[in-house]
Undergrad: 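Sharing a structure below in structure tokens format, with a few things to ask.
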Amino acid sequence: MGEKKIPRHVAVILDGNGRWAKKKGRPRTFGHVQGAKTLEAMCETFWNHGIEYLTVYAFSTENWKRSEEEVGMLMNLLREYMKNAIRRAVDNNMKVRVIGDLSRLAPDLQESIHALERASDTNTGLKFTIAINYGGRDEITRAVRRLAAQAAEGALRPEEITEQMISESLDTAGMPDPDLLIRTSGEERLSNFLPWQLAYTEFYFTPVLWPDFDEDELVRAIDYYNGRDRRFGGVHE
Ligand code: IPE
Ligand code: IPE
Ligand code: MG
């Protein structure tokens, strides 16, 4: 038996907070509070297992459809998280980045996100990316607009556009594509998460609800990943 392969970049769709709370007879918002605690603990666990990049889906462009109360609570949770985020990132040597269209967030949130990114920019530990008001189609649309604007100015010819340039125009510019995607709560769909970047990613689905996600579950996901044969369009060796 060879060494265990560790995925360099893991993407996670944190799902099932609402159902977790419902099972306990509590409001959905209680599930989000617990989900945020799980996420904090898991950053350390992922890093301890040798994962370099962790990218999580925290709020989608479609999540604005939820009740005003739930959306407001999620934004406040984010605000709370940001309060201690700089200290936490410094303590844990994490480099934090936020992807998504931040222009729709409250100005104070945008400011604290930028401050966090600046303060953690030179950290050399886990590269932790949080998707907020993120939608893959929205991300691609914004990228296409920027490239089209360059073409319209005459700075770029359409036939010069390469896959590499498109990758570098996305919010995830500079990051390797995820090796493994984990989605909790039994749903087996992407819900608009990283459609371009996940083209050759292995998918691990688990019925565990996000607030209950733990180290054992991460180990199961890594073991599953080790059982896969990634061919990238080539042939089986
Ligand atoms: C995931 O949990 C967190 C967010 C989408 C913000 P959900 O809130 O989607 O929980 P379920 O899917 O309703 O159980
Ligand atoms: C995807 O979960 C978005 C996040 C986890 C942030 P949803 O719960 O919103 O997705 P659907 O509605 O089940 O597709
Ligand atoms: Mg959900």
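These numbers come from a predicted model, not from an experiment. Counting starts at 1 for both ligands and their atoms, following the listed order.
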Undergrad: For D108, is there any backbone N or O sitting under 3.5 Å from a side-chain donor or acceptor partner on R79?
TA: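 Judged by distance alone, no pair lies under 3.5 Å.
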Undergrad: Looking at E187, I'd like to know if its CD atom is crowded, meaning that more than 12 non-hydrogen atoms belonging to other residues, nucleotides or ligands lie closer than 6.0 Å.
TA: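 Enclosed.
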Undergrad: Among all protein heavy atoms, pick the one closest to atom 1 (C) of ligand 1 and tell me residue, atom and distance.
TA: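 Ranking protein heavy atoms by distance from atom 1 (C) of ligand 1, first comes L14 O, 2.9 Å.
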Undergrad: Nearest to atom 12 (O) of ligand 2 by heavy atom, K65, R189, R19: which?
TA: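 It is R189 that holds the nearest heavy atom.
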Undergrad: With nothing but distance in play, are any N or O atoms of G18 less than 3.5 Å from an N or O of ligand 1?
TA: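 So ligand 1 has an N or O lying under 3.5 Å from an N or O of G18.
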Undergrad: Answer with yes or no whether the side chains of S185 and W210 bring together a donor and an acceptor at under 3.5 Å.
TA: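 No, because no side-chain N or O of W210 sits under 3.5 Å from a partner of the opposite role on S185.
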Undergrad: Give the atoms of ligand 2, by number and element, whose distance to some non-hydrogen atom of I13 is under 4.0 Å.
TA: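 Here the atoms of ligand 2 in question are 5 (C).
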Undergrad: For W20 and ligand 1, does the shortest N/O to N/O distance drop below 3.5 Å?
TA: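 It does not: no N or O of W20 is found under 3.5 Å from an N or O of ligand 1.
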Undergrad: Say you draw a straight line from CG of N133 to CD of E62; how long is it, rounded to the nearest 0.5 Å?
TA: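 N133 atom CG to E62 atom CD measures 9.0 Å (nearest 0.5 Å).
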Undergrad: So, 4.0 Å and heavy atoms of R183: is ligand 2 close enough to count as a contact?
TA: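 It does; at least one heavy atom falls under 4.0 Å.
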Undergrad: Is E187 close to ligand 2, meaning an N/O of one under 3.5 Å from an N/O of the other?
TA: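 E187 vs ligand 2: no N/O contact under 3.5 Å.
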Undergrad: What protein N/O/S atoms are found closer than 2.8 Å to the Mg ion (ligand 3)?
TA: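 Near the Mg ion (ligand 3), below 2.8 Å, one finds D15 OD1.
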Undergrad: Would you say G31 touches ligand 1, if touching means a heavy atom closer than 4.0 Å?
TA: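 For ligand 1, residue contact (heavy atoms, under 4.0 Å) with G31 is absent.
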Undergrad: If I apply the N/O under 3.5 Å rule, does R66 come out as touching ligand 2?
TA: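 Yes, since at least one N or O of R66 sits under 3.5 Å from an N or O of ligand 2.
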Undergrad: Give a yes or no answer on whether the side chain of E202 reaches the backbone of R230 with a donor-acceptor pair at less than 3.5 Å.
TA: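 Not at all, since once roles are kept as given, no pair shorter than 3.5 Å links the two residues.
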Undergrad: What verdict does the side-chain contact (heavy atoms from CB on, under 4.5 Å) test give for I6 and I51, after you've listed the backbone C-alpha separation in whole Å, the side-chain angles of each residue and the deciding distance to 0.1 Å?
TA: CA-CA 7 Å; I6 299 298; I51 291 153; 3.9 Å; yes
Undergrad: Which residue holds the protein heavy atom closest to atom 9 (O) of ligand 2, what is that atom called, and what is the gap in Å?
TA: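 Atom 9 (O) of ligand 2 sits closest to the protein heavy atom N63 ND2, 2.9 Å.
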Undergrad: Among protein heavy atoms, which lies nearest atom 6 (C) of ligand 1, and at what distance?
TA: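 Going atom by atom, the protein heavy atom closest to atom 6 (C) of ligand 1 ends up being A58 O, 3.3 Å.
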Undergrad: Examine the proximity of ligand 1 to S60 and report which part, side chain or backbone, both or neither, has a heavy atom under 4.0 Å away.
TA: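 Near ligand 1, S60 shows nothing, with every heavy atom at 4.0 Å or more.
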Undergrad: Taking S120 for its side chain and V96 for its backbone only, find out whether a donor-acceptor pair lies under 3.5 Å.
TA: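 Yes.
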Undergrad: Examine ligand 1 and decide if any of its atoms is less than 4.0 Å from a heavy atom belonging to G16.
TA: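 Under 4.0 Å: yes for G16.
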Undergrad: Could you tell me which atoms of ligand 2, counted from 1 in the order shown, lie closer than 4.0 angstrom to a heavy atom of S191?
TA: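 Those of ligand 2 that fall under 4.0 Å from S191 are 1 (C), 10 (O), 11 (P), 14 (O).
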Undergrad: Can you find a side-chain donor-acceptor pair between S60 and N63 that sits under 3.5 Å?
TA: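 S60 vs N63: donor-acceptor pair found between side chains.
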Undergrad: Does at least one non-hydrogen atom of H32 fall below 4.0 angstrom from an atom of ligand 1?
TA: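 H32 counts as a contact of ligand 1 under the 4.0 Å cut-off.
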Undergrad: Checking a contact table here: which protein heavy atom is nearest atom 2 (O) of ligand 1, and how many Å away?
TA: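 It is N17 N, 3.2 Å.
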Undergrad: For the backbone of F213 and the side chain of T38, can you confirm whether one donor and one acceptor N or O come within less than 3.5 Å of each other?
TA: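 Checking the backbone N and O of F213 against the side chain of T38, no donor-acceptor pair under 3.5 Å is found.
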Undergrad: Less than 6.0 angstrom from the centroid, inside 45 degrees of the normal: does R88 satisfy that with respect to the ring of Y81?
TA: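 Yes - R88 lies over the ring of Y81, closer than 6.0 Å to its centre and within 45° of its axis.
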Undergrad: Students often mix this up, so state it plainly: with edges at 30° and 60°, are the rings of Y53 and H9 parallel, tilted or perpendicular?
TA: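 Correct class here is tilted.
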Undergrad: Select one of side chain, backbone, both or neither to describe which atoms of F59 lie under 4.0 Å from any atom of ligand 2, heavy atoms only.
TA: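 Looking at F59 and ligand 2, just backbone atoms fall under 4.0 Å.
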Undergrad: Using the six-membered ring wherever Trp is involved, compare the ring planes of Y224 and Y204 and label them parallel, tilted or perpendicular (cut-offs 30° and 60°).
TA: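 Answer is tilted, since the angle falls between 30° and 60°.
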Undergrad: Would you check the N or O atoms of D15, main chain and side chain alike, for any that come under 3.5 Å of an N or O of ligand 1?
TA: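 Yes; at least one N/O pair falls below 3.5 Å.
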Undergrad: Sub-3.5 Å donor-acceptor pair from the side chain of T184 to the main-chain atoms of D15, do we have one?
TA: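 Pair found, side chain donor or acceptor close to backbone of D15.
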Undergrad: What I want to find out is whether D216 reaches R220 closely enough, with some N-O distance under 4.0 Å, to be called a salt bridge.
TA: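 Looking at R220 together with D216, the answer is no, because their closest N to O distance does not fall below 4.0 Å.
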Undergrad: Take the angle between the ring planes of F193 and Y57 and call it parallel below 30°, perpendicular above 60°, tilted in between.
TA: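 The arrangement is parallel - the two ring planes meet at less than 30°.
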